[in-house]
Amino acid sequence: MPAFESDPRVPGGGEPLDFIREIVKRDKLSGLYGGRVVTRFPPEPNGYLHIGHAKSICLNFGVARDFGGVCHLRFDDTNPETEDMKYVESIMRDVRWLGFDWQDRLFFASDYFEQLYGFAVRLIRDGKAYVDSLNEEEIRRYRGGVTEPGRESPYRGRSVEENLDLFARMRAGEFPDGAHVLRAKCDMAASNMKMRDPLLYRIRHATHYRRGGKWCLYPMYDFAHPLSDAIENVTHSICTLEFENNRAIYDWLLDNLFPSQRPHQYEFARLNLDYTVMSKRKLLALVEEGLVSGWDDPRMPTIAGMRRRGYTPEGIRLFAARIGVDKANSRVSMELLENAIRDDLNALAPRVMAVLRPLKVTITNYPEGKVEWLDAPYWPRDIDKGGSRKVPLSREVVIEQTDFLENPPADWIRLRPGGEVRLRSAYFIRCEEVERDPATGDAVGLRCTYDPDSLGKPAKGARKKTTAVQWVSAAHAVKAEVRLYDRLFSVADPESAGDGKSFTDFLNPGSAEIVRGCLVEPSLAGSSPGERFQFLRHGYFVADEGDSRPGALVFNRIVDLKDRYRKHLGKTD
RNA sequence: UGAGGAGUGGUGAAACGGCAUCACGCCUGGCUCUGGACCAGGUUUUCCAGGUUCGAAUCCUGGCUCCUCAGCCA
């Protein structure tokens with residue numbers, strides 16, 4: 001059972017809680033919010049969600065679930081220049097696909113513009129905000145530096161009346177972009193740079209994807225976010241570490257405007273994954289420069305990419321549960337993700353036979369024209385599931401090129417000249433002769449004999465030390481294209497490679513290997529896009545949602561099987 | 001050289017003054033009609049230096065290293 005349904009980390013469950021849940025539990029027990037727990041996932045609709053967001057989604061929705069609370073989906077859409085409805089749609093799809101439900105709690109910061117404006121007016125009336133007319137460059141200079149205090153703007157002392165008038169005219173569209181901004185009156189000498197009179201509003205004569213041309217005055221994140229949380233009665237506002245310094249503004253605003261039962265912000269470390277990048281900017285660059293096929297390229301760490309790759313929501317949630325939540329910056333190794341995906345797929349994906357790089361085998365003592373339809377179970381005995389299909393056997397079959405070696409090492413358990421191996425769910429065959437390309441001398445086919453008495457019988461003697469290989473009847477095989485995906489980058493941390501190099505310099509050239517001419521068993525002919533299988537001894541595969549259709553099958557490798565032998569070979573060579 | 005955070009095996013986490021634990025990885029062996037899964041065993045850890053204490057990953061002092069902040073992005 002995936003972690004989602006049976007997450008043991010519930011309050012009072014005895015299991016250790018992460019520090020966020022520890023806080024929520026404390027607040028729930030103390031009755032701080034009357035026992036209410038309200039979280040929110042607040043994406044900006046300006047890009048696609050990625051695995052890092054999945055961590056946050058699992059946290060926010062998971063905390064709400066664990067403590068009998070609710071989680072809102074709120075779009076933080078306060079920047080008209082980058083946001084778009086198409087992103088809103090993709091984000092909603094991705095959150096749903098991950099298995100979370102915000103029910104009727106779908107919110108948009110852009111719906112709060114009028115209320116937000118009212119809060120700004122209140123701050124001005126209270127003498128806690130002012131209209132600044134310095135230009136961008138001047139504001140930067142007045143702000144000072146990390147070791148130098150800032151200076152107060154000459155406009156800081158404007159009267160409440162003048163500020164009110166100016167602010168109203170900013171809203172009315174009387175000024176061009178950048179002419180004025182609204183700032184909080186905090187402390188220009190604050191050692192926390194974020195508190196040097198943070199900007200609250202800026203003028204943008206731009207069309208907002210939801211509000212159209214109604215506004216030309218837009219709130220900044222630091223203003224809109226805490227107030228949106230408060231408007232929605234959020235209790236625990238969970239965000240990533242880079243907002244730690246912003247918490248001072250969060251608290252300043254809410255202490256001034258929502259003194260009781262106000263939300264509090266807590267920060268956790270965002271996810272970093274080896275061999276990929278996680279920043280929206282870099283992901284966008286990969287898409288725009290055509291270095292990947294799109295946001296849903298199966299190599300992308302986006303939710304859309306992982307979905308197309310064939311990853312399961314349960315597997316991703318399991319991964320999120322396993323990596324935990326903490327405040328220490330970290331970088332998670334790919335194995336953790338892949339193992340979680342395998343874990344889920346193991347009990348989910350029926351076993352079928354596919355030969356990626358075929359080697360022809362003629363069974364010389366098998367009658368010409370004879371076909372046997374053999375029963376092949378979909379599941380190994382350790383999976384508690386039944387069901388099977390029929391696979392045809394005939395005189396000519398194909399096996400994997402990598403399952404035959406002329407001069408194998410001592411621990412080889414596959415086919416060799418004079419050796420035996422079982423065709424999975426069928427008979428033992430013995431390699432009697434190697435057919436060679438007269439020009440190159442390469443093995444191009446094998447002539448084998450089969451043991452008609454070995455069907456369904458346990459292996460004995462030397463046969464016990466061999467394995468059972470996948471195979472497909474040549475006459476019945478279905479052609480397929482198989483896409484073998486691998487890590488997108490060839491270095492663990494492409495973002496900090498430095499030395500004038502771009503992260504794109506570290507793309508893994510072998511991250512998408514297309515193998516055509518694969519032969520799969522006939523039962524796969526009708527597989528529908530999105531169907532997942534384990535190709536025996538290869539890995540987990542999914543019929544590609546974009547390109548696969550009956551008659552032109554395309555399979556994506558979701559993740560390969562662990563392979564101790566491959567590792568072992570790598571070491572002894 | 002300001003402020004705010006963070007340092008526990010190879011990786012991610014747990015232990016909340018009392019035997020450093022779990023998952024992943026790696027290594028052995030077993031089992032297997034998948035060199036998968038599963039089972040058994042093993043490997044490796046508290047940033048440094050002092051201090052308090054019967055006892056410190058945990059408390060105190062001082063260092064070191066890393067991350068974040070000087071967008072009218074979020």
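Note on naming: letters A, B, ... go to the chains in the order of the sequence lines (proteins, then strands), and numbering restarts at 1 for each one. As the structure is a computational prediction, the values presented were derived from the model and not from experiment.
- Partner assigned to B:C16 is none, using Watson-Crick or G-U wobble distances below 3.5 angstrom.
- Within a 6.0 Å sphere centred on CZ of A:Arg416, other residues, nucleotides and ligands contribute more than 12 heavy atoms.
- Candidate nucleotides B:C72, B:U34, B:A70 were compared by shortest atom distance to the side chain of A:Arg204, and B:C72 ranks first.
- If you check B:U44 for Watson-Crick or wobble pairing at under 3.5 angstrom, you find it has no partner at all.
- Between the CG atom of A:Asp382 and the P atom of B:G30 there is a distance of 19 Å, given to the nearest Å.
- Annotation: cation-pi geometry satisfied between A:Arg463 and A:Phe428 (NZ/CZ under 6.0 angstrom from ring centroid, within 45° of ring axis).
- Distances from the side chain of A:Asn79 to the nucleotides B:G30, B:C73, B:A6 place B:C73 closest.
- When heavy atoms are screened at a 4.0 angstrom cut-off, A:Arg424 is found touching base atoms of the nucleic acid.
- Closest to the side chain of A:Arg247, from the set B:C69, B:G5, B:U34, is B:G5.
- Taking only side-chain atoms of A:Leu536, from C-beta outward, the nucleotide of B:U34, B:A74, B:C24 with the closest atom is B:U34.
- Closest approach to the A:Arg564 side chain among B:A13, B:C38, B:G12 is made by B:C38 (side chain taken as heavy atoms from C-beta onward).
- With sequence neighbours excluded, the residues that form a side-chain contact (heavy atoms from CB on, under 4.5 Å) with A:Pro350 are A:Tyr378, A:Trp379, A:Phe533.
- In this structure, B:U65 forms a base pair with B:A6, meeting either the Watson-Crick or the G-U wobble geometry with both donor-acceptor distances under 3.5 Å.
- As judged by a 4.0 angstrom heavy-atom cut-off over every strand, A:Leu199 is placed among the base-contacting residues.
- A:Glu148 comes within contact range of no nucleotide atom at all, as no heavy-atom separation falls under 4.0 Å.
- Residue A:Gln534 is classed as a base contact, given a heavy-atom separation below 4.0 Å to a base.
- Of the candidates B:C33, B:G25, B:U68, B:G25 carries the atom nearest the A:Glu335 side chain, counting heavy atoms from C-beta on.
- Note on A:Gly456: a base of the nucleic acid sits closer than 4.0 angstrom, heavy atoms only.
- With A:Leu217 as reference, A:Ile203 is the one residue of A:Ile203, A:Leu116, A:Leu182 to meet the side chain to side chain contact (heavy atoms under 4.5 Å, CB included) rule.
- Counting non-hydrogen atoms under 4.0 angstrom, A:Ile139 reaches a base of the nucleic acid.
- In this structure B:U1 sits in no base pair that meets the Watson-Crick or G-U test at under 3.5 Å.
- Among the protein residues, A:Ser191 comes within range of the nucleic acid bases, having at least one heavy atom under 4.0 Å from a base atom.
- Taking the six-membered ring for Trp and the full ring otherwise, A:Phe555 and A:Phe541 have centroids separated by 6.0 Å or more.
- Within 4.0 Å (heavy atoms only), A:Arg342 reaches no atom of the nucleic acid at all.
- The side-chain contact (heavy atoms from CB on, under 4.5 Å) search around A:Pro409 returns A:Leu405, A:Asp411, A:Trp412, A:Tyr565, not counting sequence neighbours.
- Among the nucleotides B:G2, B:A74, B:G25, the one closest to the side chain of A:Phe243 is B:A74.
- Using a 4.0 Å heavy-atom distance criterion, A:Met220 is classed as a sugar-phosphate-only contact.
- Using a 4.0 Å heavy-atom distance criterion, A:Trp379 is classed as making no nucleic acid contact.
- Within the 4.0 angstrom heavy-atom criterion, base atoms lie near A:Ser425.
- Distances from the side chain of A:Asn329 to the nucleotides B:G12, B:C67, B:C72 place B:C67 closest.
- Nucleic acid contact class of A:Leu134 (heavy atoms, under 4.0 Å, all strands): base.
- A:Phe108 and A:Phe75 have their aromatic ring centers within a separation under 6.0 angstrom.
- The side chain of A:Arg322 lies closest to B:C24 when the candidates are B:A3, B:C24, B:A70.
- Among the atoms of the strands shown, only primed sugar atoms or phosphate atoms (P, OP1, OP2) are found under 4.0 Å from some heavy atom of A:Val332.
- Atom CG of A:Asp493 and atom P of B:U11 are 14 Å apart (whole Å).
- Among the atoms of the strands shown, none is found under 4.0 Å from any heavy atom of A:Asn46.
- Which of B:G5, B:A70, B:A15 sits closest to the side chain of A:Glu244 comes down to B:G5.
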